[in-house]
Amino acid sequence: MRIKKGVLVLINSKNLREDVEEIIELSKNINIEIVEYIHQNLNKPDPLTFIGKGKFEDLKELIAFVDAEVLVINSELSPRQYIHISKELNIEVYDRTDVILKIFSEHAETQESKLQIKLATLKHILPRIYGLGSEMSRTGGGIGTRGPGEQEKEYKKRTIKNEISKIQNKLKKIKSQRELTRKNKKDIIKVSIVGYASAGKSTLLKELSHENKIKISEKMFSTLSPKSRRVMLPSGLFVILSDTVGFIRNLPHELIEAFKSTLEEIKYSDLIIHLVDISSQNIEERISTAYDVLENIKALDIPRILVFNKIDKINDEQLSILKNRYKNAIFISCKTGENIENLKKAIQDKLIEEEIIKTFEIEEEYKNVQNWFKKRGKIGIEEIAFNNTDIKLKIYARNGGAL
């Protein structure tokens, strides 16, 4: 697909370098190459031009100078702003929500993710149809009449609302099916990998599960629907490990709502692996973003392990500083495989600490019970001799009563 030349606009950026780098990376995912940008500090965005009349004239000149085809704005535009800017500049205009929605639409694979993105897109463009009222009504009609423009607007609004209703009903059915499936798998230990976009969640899932068929992409949001694989811990216990859609700052409201049912699957995890790209410029903000999403879906109470990935990208001094700052974290490299086995043990230890796995001692004569449990895939067993008479058995807490 042809690469389009774009200009970027930002206002009131507190971390300008990282904000610019992030939106440039996002734009690349939809074949837009940002060649120049304008940053403006304002008390509040201008209701028409977003960046103020004077700066808007500068923007016009910049677009003409670099021969840009696209304008990208790293904020969400109001319908009025979007319509005015598009009309005045006569080029494609993408606000932050448009960019992310387009990326998501290109990576959607499952029926549910496609429906969720379509729903979010329709909800995003509907207010713009409302905002087109005065422009469309000029196309015809007189006093006391409804001209062709107004009729067209009403038709578009009605069509979009009907489509939204249909999609919502389809998603309700999918959610019901997923809840039924979850009930049938209630005895399975589930571990979810969460984190900021491009932290390496799919790569970690591939490393831990040894599943070579998992597709890895450098592009952001390449995973929209959770992928799950069975992973064996050092004790022999199998858990189901799932990666999730990447989190991002200022995730559009429509996408939070659209993916809420998918994200809420995290709530049913026994353990969360919070993966962080250690080479990113603003680690604290990325950690905070993940916390905000987990809080939004009411998943902050679930036990978590903080894991820093990509340690191969920083030097020893930087690594030492971060290890001292985050003393309870695990530091790994999915690329080199460093500390992956230590992470498996940390997952197991955390499950034991949280009593997801309990420890029992049984007499030697009952060792054959191991085979009964193993066949059902419900426990991991670690044999430890106690005067040659006892063994140690690790078992789900939820199955402890049955033993």
Is the shortest side-chain heavy-atom distance between L126 and K161 below 4.5 Å? yes
Test: K344 and D349 ion pair at under 4.0 Å: no
Decide yes or no on side-chain contact (heavy atoms from CB on, under 4.5 Å) for V72 and V7, but give the supporting numbers first. CA-CA 6 Å; V72 176; V7 169; over 6 Å; no
Is a donor on one side and an acceptor on the other found under 3.5 Å between the side chain of S269 and the backbone of I266? yes
Sequence neighbours excluded, the answer for side-chain contact (heavy atoms from CB on, under 4.5 Å) partners of S86 is Y82, V93
So which of I332, I287, L319, I330 actually passes side chain to side chain contact (heavy atoms under 4.5 Å, CB included) with F308? I287
Contact check, side chains of K28 and I32, non-hydrogen atoms, under 4.5 Å: no
Could you go step by step and tell me if F247 and Y196 meet the ring-ring contact (aromatic ring centres under 6.0 Å, His included) rule? CA-CA 4 Å; F247 304 156; Y196 207 84; 8.4 Å; no
Decide yes or no for I129 and I160: does some side-chain heavy atom of the first lie under 4.5 Å from some side-chain heavy atom of the second? yes
What are the two closest heavy atoms between S78 and P47, and how far apart are they? OG-O, 4.4 Å
Got more than 12 heavy atoms from elsewhere within 6.0 Å of CG, N90? no
Looking only at non-hydrogen atoms, find the nearest pair between I85 and L48 and report the distance. CG1-O, 3.8 Å
Less than 3.5 Å apart, any donor N or O on the side chain of D46 or T49 sitting next to an acceptor on the other? yes
Return yes if some donor-acceptor pair links the side-chain N/O of Q348 with the main-chain N/O of S235 below 3.5 Å, else return no. yes
So, E112 and K175, do they make that salt bridge, N to O below 4.0 Å? no
Salt bridge check, E57 against K53: does any charged N sit closer than 4.0 Å to a carboxylate O? no
What's the separation between atom CD in Q81 and atom CD in E76, rounded to the nearest 0.5 Å? 10.0 Å
For N282 and E285, does a side-chain donor sit closer than 3.5 Å to a side-chain acceptor? yes
Begin from the C-alpha positions of D312 and T336 and carry the test side-chain hydrogen bond (donor to acceptor under 3.5 Å, both in side chains) through to its verdict. CA-CA 7 Å; D312 54 287; T336 66; 5.3 Å; no
Compare all side-chain heavy atoms of I91 with those of I63 and state whether any distance is below 4.5 angstrom. yes
Is there side-chain contact between V70 and Y94, with at least one heavy-atom pair below 4.5 Å? yes
Can you check salt bridge (charged side-chain N to carboxylate O under 4.0 Å, His left out) on K350 and E354, steps first, answer last? CA-CA 6 Å; K350 190 68 174 178; E354 298 294 334; 3.6 Å; yes
Does N315 offer a backbone N or O that forms a donor-acceptor pair with the side chain of Q318 under 3.5 Å? yes
Shortest non-hydrogen separation from S75 to I11 and the atoms involved: OG-CG1, 4.4 Å
Does atom CG (N169) have a neighbourhood of more than 12 heavy atoms from anything else shown, all under 6.0 Å? yes
List for me each residue that meets salt bridge (charged side-chain N to carboxylate O under 4.0 Å, His left out) alongside E295, sequence neighbours excluded, and say none if there are none. none
Mind checking the CD-NE2 spacing from E207 to H210? Nearest 0.5 Å is all I need. 8.0 Å
Run the side-chain contact (heavy atoms from CB on, under 4.5 Å) test on K166 and E163 for me, step by step, so that the C-alpha distance in whole Å, both residues' side-chain angles and the decisive distance to 0.1 Å come before the verdict. CA-CA 5 Å; K166 288 178 183 177; E163 188 66 19; 4.3 Å; yes
Taking atom CD1 of I189 and atom CZ of R230, what is their separation to the nearest 0.5 Å? 12.5 Å
With L204 as reference, evaluate N309, I340, L241 under the side chain to side chain contact (heavy atoms under 4.5 Å, CB included) test and give the passing residue. I340
Residue F331 excluded, over 12 heavy atoms near CZ under 6.0 Å: yes
Salt bridge flag under 4.0 Å for residues E341 and K345: no
With a 6.0 Å cut-off (strictly less than), is the heavy-atom count around CG of N41, excluding the residue itself, greater than 12? yes
In terms of heavy-atom contacts, does NZ of K298 have more than 12 from other residues, nucleotides or ligands at under 6.0 Å? no
Would you please indicate yes or no on a ring centroid separation below 6.0 angstrom for F50 and H84? no
Taking K102 for its side chain and I30 for its backbone only, find out whether a donor-acceptor pair lies under 3.5 Å. no
Kindly give the heavy-atom pair with the smallest separation between S202 and D243, and that separation in Å. OG-OD2, 2.7 Å
Indicate yes or no: at least one non-hydrogen side-chain atom of I73 is less than 4.5 angstrom from one of R96. no
Can you confirm whether L271 sits close enough to L351 that some side-chain heavy atom of one is under 4.5 Å from a side-chain heavy atom of the other? yes
Taking atom CD as the centre, does E353 end up with more than 12 heavy-atom neighbours from other residues, nucleotides or ligands that are less than 6.0 angstrom away? yes
Decide side-chain contact (heavy atoms from CB on, under 4.5 Å) for S13 and H39; before the verdict, give the C-alpha distance in whole Å, the side-chain angles of both, and the deciding distance to 0.1 Å. CA-CA 8 Å; S13 175; H39 177 244; 3.5 Å; yes
Does any non-hydrogen side-chain atom of D95 lie less than 4.5 Å from one of N74? no
Within 6.0 angstrom of K118 NZ, more than 12 heavy atoms from elsewhere: no
Sidechain N-carboxylate O distance under 4.0 Å for K310, E338: no
Would you say T244's side chain and I193's backbone share a donor-acceptor pair under 3.5 angstrom? yes
Any idea which heavy atoms bring S209 and R229 closest together, and the distance? CB-CB, 3.6 Å
Full working for side-chain hydrogen bond (donor to acceptor under 3.5 Å, both in side chains) between N324 and K327: CA-CA 5 Å; N324 189 56; K327 296 184 184 296; 2.8 Å; yes
Electrostatic pair R2:E69 at N-O distance under 4.0 angstrom: yes
Should E21 and R17 count as an ion pair when the cut-off is N to O under 4.0 Å? yes
Looking at CD1 of I240 and CD1 of I188, how far apart are the two atoms once the value is rounded to the nearest 0.5 Å? 5.5 Å
Residue pair S242 / K190: nearest heavy atoms and the distance that separates them: OG-CE, 4.1 Å
